[in-house]
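In what follows, chains are A, B, ... by sequence order, proteins preceding strands, each numbered from 1. Owing to the predicted nature of the structure, the values given are computational and were not obtained by experimental measurement.
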Amino acid sequence: MKHISSSLCIKTTLIKALKRTCSSCHYRITDLHKIAKIKLNLTAMEKALREILLKAVGSQQPEAVQIEIETPKEESFGDLSTPIAMSLSKILKKPPRKIAEDIVNAVQSLELEVKSSELFEKIDIAGPGFINFTFTKVFLCKELKELLEKHDDFLAENIGKGKKVQIEFVSANPTGPLHLGHGRGAALGAALSNLLNEAGYNVEKEFYINDAGRQVKLLGMSVFAKYKQSQGIDYPFPDDGYRGEYIKDLSEDFRVQGSELQVKDDDTLLKEITDFSYKKMLAEIKKDLEDFGVLFDTWQSEIELYKSNAVQQAIDDLKARGYIFEEDGATWFKSTAFGDDKDRVIIKKDGDYTYFTPDIAYHRKKILKGFDELIDIWGADHHGYVPRMQAVIQALGYPKEHLRVLLVQMVTLLRGGKPVQMSKRAGEFITLREVMDEIGADTTKFLFLTRRSDSHLEVDIEVAKAQSSENPVYYVQYAHARINSIFEKARQEAIGYRQEAIDFNGDLFNDEEMRIVKKLLLYPAMFRNAALAHEPHRITFYLQELAGMFHPYYHKHKVISEDTEVTKARLALCEAISIVLKHGLKILGVKAPEKM
RNA sequence: GCCCCCUUAGCUCAGUAGGAUAGAGCACAGGUUUCCUAAACCUGGGGCCGCAAGUUCGAAUCUUGCAGGGGGCACCA
């Protein structure tokens with residue numbers, strides 16, 4: 001772990017310091033930059049920079065200079081650094097190191113609430129002109145204390161401010177069991193919703209049920225054919241029918257359930273079978289998700305969209321807005337008006353709607369519900385569908401960013417290093433249920449969140465089952481369990497541990513402990529970035545890194561010793577680690593066990 | 001043919017809207033347990049960041065071209 005950084009609050013403090021640098025000249029920090037690295041737009045600070053830094057130069061006023069603050073590569077370079085002097089170098093036509101000196105002098109002569117010398121251990125200039133800031137132990141430990149006192153309020157910045165977000169995910173056709181890909185979408189959707197929730201958004205999780213389309217009909221026909229065949233009738237199986245073993249089970253279940261006993265014509269029977277089948281599949285999907293620990297707030301039925309006339313209303317709406325036209329006997333949506341490759345048919349020549357049409361109505365309904373942001377999680381094979389959906393959003397008068405589509409790549413399952421063959425056509429695929437039963441829901445979720453969602457994922461069942469360091473889930477959970485057992489022992493030995501009684505001036509912490517403290521203080525910034533980027537996998541990585549610092553530390557140092565002061569300080573550190581681990585795991589939807 | 005994504009250590013992948021000497025896990029080799037949990041720890045070798053140009057103080061990161069892999073291009077869903 002080379003990158004040691006500090007938390008947002010430290011950054012804020014530093015920013016404050018830099019801001020004060022130029023306070024004499026109406027400088028204002030405008031926007032915190034959206035992503036990751038906190039960049040401050042210093043456009044408003046231009047004048048002050050000119051006064052402070054350019055006085056001697058007398059050149060033109062620099063435009064839109066940004067202060068970047070980043071975490072140095074080398075620990076020895078300090079806790080935070082800024083390349084601002086290099087960025088300014090060209091504009092100011094001065095050597096970066098000279099600019100850096102001016103900035104450092106300015107910062108050091110500032111009157112802050114905290115004296116500069118109490119805040120920074122040292123400020124130095126390195127390399128081509130980086131300014132490196134190293135914080136004092138006292139300051140860092142004060143931050144640690146904040147963490148211990150405020151918990152979630154310290155860790156999770158409120159960036160959502162109550163904004164309403166809807167995340168639609170899984171939305172598997174009720175025509176078969178959930179497979180691994182669905183599982184990955186489920187894990188991502190749930191984690192993202194936890195993440196955004198913690199970040200102060202108001203999140204609704206929705207599952208869209210495709211219960212009206214051709215796929216459901218096909219399911220019904222498949223089961224119907226199986227049913228007929230089971231009665232010795234030579235009935236043709238539909239060409240694109242579903243072929244899994246579960247089709248046979250469905251026909252059997254239908255027979256057992258006995259509603260076919262009254263003699264009916266085939267049409268009625270087919271209808272009943274279709275109805276029975278998809279409802280049964282949907283119930284199984286719900287059960288699977290529940291056992292996976294993924295719960296939805298709302299379930300939107302496609303049939304309901306038709307029944308409530310939402311589909312027709314959506315078409316009328318788009319027509320009124322001038323994006324509907326007739327051609328070749330079909331009705332089209334003019335998606336090319338918003339950058340799509342071609343216009344899209346919404347009512348076919350034969351009068352049927354296309355797959356796209358209810359989806360338009362669905363997304364229109366989402367918009368009407370008044371969300372500030374819509375998020376769809378789709379399989380990557382649907383990526384060609386994104387432009388037309390965003391065209392719909394725009395046609396309805398919203399910017400295309402109003403709908404954010406996250407694509408989830410396929411999951412390859414390995415068993416002992418070899419890919420497990422899957423054939424959709426033959427109905428051979430690995431279900432989420434199988435994997436969940438074999439390796440557990442927690443492990444499955446964690447592994448699904450160890451990669452960026454848009455990159456392929458390989459899951460080796462043998463590795464996932466291993467209870468060893470091969471398995472990252474246990475590694476993280478074990479850190480939590482270990483800390484718990486330390487506290488167990490502390491209780492047994494009746495060590496009177498109270499956070500507020502601890503002297504947090506940092507004298508009691510060694511270098512390794514300070515490294516961990518800094519890592520902990522980095523969590524809020526990581527969290528913020530993960531939320532803004534909609535990337536829960538960053539949490540997974542962070543947790544592995546933190547656990548990777550704790551385990552070696554644990555091995556090397558006894559937390560509980562004869563030295564009661566040190567013991568208490570170490571217990572405080574352990575508690576902070578535990579708080580952070582728990583927070584992260586909760587977002588991933590993974591348990592933080594007390595014992596393992 | 002057109003469009004999108006990917007290419008970083010033997011393998012699987014990170015790389016924080018361009019920064020300092022590119023990281024982790026696994027695998028491989030060797031070692032650690034009278035101990036708050038060995039589901040752990042320590043030591044070691046590992047790299048043309050696909051290739052080539054460009055942009056600039058500075059590129060794994062941005063641009064363009066090329067090669068390889070995946071996906072998409074329906075009045076299918």
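- Between the side chain of Asn529(A) and the base of A17(B), no donor-acceptor pair under 3.5 Å is found.
- Listed by first residue number, the stems of RNA chain B with at least three Watson-Crick or G-U pairs below 3.5 Å are B:1-7 with B:67-73, B:10-13 with B:23-26, B:28-32 with B:40-44, B:50-54 with B:62-66.
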Nucleotide-resolved protein contact map, nucleotides 72-77 of chain B, B/S/- at heavy-atom distance under 4.0 Å | SSSBSB
Extract from the structure each pairing of a protein N or O with an N or O of nucleotides 55-57 of chain B at less than 3.5 Å, listing the distance.
{"from": "C57(B)", "atom 1": "OP1", "to": "Lys90(A)", "atom 2": "NZ", "distance (Å)": "3.4"}

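- Among residues at least two apart or in separate chains, there is no salt bridge (Lys or Arg N to Asp or Glu O under 4.0 Å) pair with a member in residues 350-359 of chain A.
- As rounded to whole Å, 13 Å separates atom C1' of C13(B) from atom CG of Asp454(A).
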Quick one: which protein N/O atoms are closer than 3.5 Å to N/O atoms of nucleotides 28-33 of chain B? Pair and distance per line, please.
none

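- A search for salt bridge (Lys or Arg N to Asp or Glu O under 4.0 Å) contacts involving Lys98(A) returns Asp102(A), not counting sequence neighbours.
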Mind listing the side-chain donor-acceptor pairs of residues 213-221 of chain A below 3.5 Å, one per line with the distance, residues two or more places apart or on another chain?
{"from": "Arg214(A)", "atom 1": "NH2", "to": "Asp240(A)", "atom 2": "OD2", "distance (Å)": "3.0"}
{"from": "Gln215(A)", "atom 1": "OE1", "to": "Tyr242(A)", "atom 2": "OH", "distance (Å)": "2.6"}

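- For His182(A), the ring-ring contact (aromatic ring centres under 6.0 Å, His included) partners are His179(A), not counting sequence neighbours.
- For His534(A), there are no ring-ring contact (aromatic ring centres under 6.0 Å, His included) partners at least two apart in sequence or on another chain.
- Taking Glu326(A) as the reference, Thr331(A) meet the side chain to side chain donor-acceptor pair (under 3.5 Å) condition, with sequence neighbours excluded.
- Judged as a side chain to side chain donor-acceptor pair (under 3.5 Å), and not counting sequence neighbours, the contacts of His363(A) are Asp376(A).
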Tabulate atom names and distances for all N/O pairs under 3.5 angstrom spanning the protein and nucleotides 9-12 of chain B.
{"from": "U12(B)", "atom 1": "O2'", "to": "Arg451(A)", "atom 2": "NH2", "distance (Å)": "2.5"}

